[in-house]
Amino acid sequence: MKLDKYANGAVRQFSMNFASGRIGNHLLDGIDYKGEVMTDEPSFVEQAFAIFLNNLEFDDDGNTLNYQYSEKRAAQYIRRYFDRNYEVEPSFEPWELENYPVSKDSYNK
């Protein structure tokens, strides 16, 4: 089983937007999240990706249903990371922040 092409596309698009500083539809204007923090605190990047992926939903045909919402939630995390006065609405649910392990078998192949 491989990742569906639409899921693949959503992750690819988010990765490109993240790396180029274009996520969040102006929510992150003036916030340089691509600087040293990505090297010094890589868990910040990991958490942003986890929030994006945990929110991503697909229909029965594999079409992405909520790319922009998922990106916005990740952007809200980034904004809050740099601006402690920013209030995330709605607040993050525990499932949104979950970081799942890689399968133990994936490293053996």
Side-chain angles (χ1 to χ4, degrees):
M1 177 185 206
K2 290 195 174 203
L3 190 62
D4 176 90
K5 66 182 178 182
Y6 298 114
N8 183 306
V11 173
R12 178 203 48 79
Q13 184 71 45
F14 181 75
S15 299
M16 183 186 72
N17 288 346
F18 187 96
S20 65
R22 297 185 306 191
I23 69 170
N25 241 4
H26 304 292
L27 183 64
L28 300 178
D29 286 352
I31 296 176
D32 181 20
Y33 66 86
K34 300 181 309 168
E36 290 181 19
V37 71
M38 287 178 67
T39 303
D40 295 343
E41 301 175 43
S43 62
F44 146 77
V45 177
E46 178 184 32
Q47 189 64 62
F49 270 79
I51 291 168
F52 171 75
L53 291 168
N54 289 342
N55 276 284
L56 207 55
E57 296 177 357
F58 302 91
D59 66 16
D60 291 338
D61 295 322
N63 297 304
T64 306
L65 296 174
N66 65 342
Y67 177 89
Q68 289 183 341
Y69 178 78
S70 299
E71 183 180 283
K72 177 184 176 187
R73 294 300 278 168
Q76 287 178 305
Y77 165 76
I78 295 168
R79 173 81 184 265
R80 176 74 173 126
Y81 189 89
F82 287 93
D83 177 1
R84 294 295 179 189
N85 294 318
Y86 176 73
E87 294 292 328
V88 175
E89 292 291 334
S91 297
F92 288 117
E93 298 288 335
W95 62 265
E96 290 180 277
L97 304 171
E98 188 69 38
N99 284 294
Y100 296 102
V102 175
S103 164
K104 64 181 177 183
D105 296 335
S106 67
Y107 291 110
N108 298 326
K109 294 181 181 179

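All values below were derived from every heavy atom in this structure, side-chain atoms included, with hydrogens, water molecules and symmetry-related copies excluded.
For D83, the salt bridge (Lys or Arg N to Asp or Glu O under 4.0 Å) partners are R79, not counting sequence neighbours. In this view, V11 and S15, L53 satisfy the side chain to side chain contact (heavy atoms under 4.5 Å, CB included) rule, not counting sequence neighbours. Judged as a side chain to side chain donor-acceptor pair (under 3.5 Å), and not counting sequence neighbours, N85 has no contacts. Remark: Y69 engages no residue in a ring-ring contact (aromatic ring centres under 6.0 Å, His included) (not counting sequence neighbours). Residues passing the ring-ring contact (aromatic ring centres under 6.0 Å, His included) test with F82, sequence neighbours excluded: F44. Applying the side chain to side chain contact (heavy atoms under 4.5 Å, CB included) criterion to E93, with sequence neighbours excluded, gives W95, E96. Looking at residues two or more places apart in sequence or on another chain, you find a side chain to side chain contact (heavy atoms under 4.5 Å, CB included) between D4 and Y6, A7. With sequence neighbours excluded, no residue forms a side chain to side chain donor-acceptor pair (under 3.5 Å) with S91. For D32, there are no side chain to side chain donor-acceptor pair (under 3.5 Å) partners at least two apart in sequence or on another chain. Take Q13 and apply the side chain to side chain donor-acceptor pair (under 3.5 Å) test, not counting sequence neighbours, and it matches N17.
Sorted pairs that involve residues 55-72 and meet salt bridge (Lys or Arg N to Asp or Glu O under 4.0 Å), not counting sequence neighbours, are lacking altogether.
The ring of Y67 has its center no closer than 6.0 angstrom to the ring center of F14. Ring to ring, F52 and F18 are not that close: their centroids are 6.0 angstrom or more apart.
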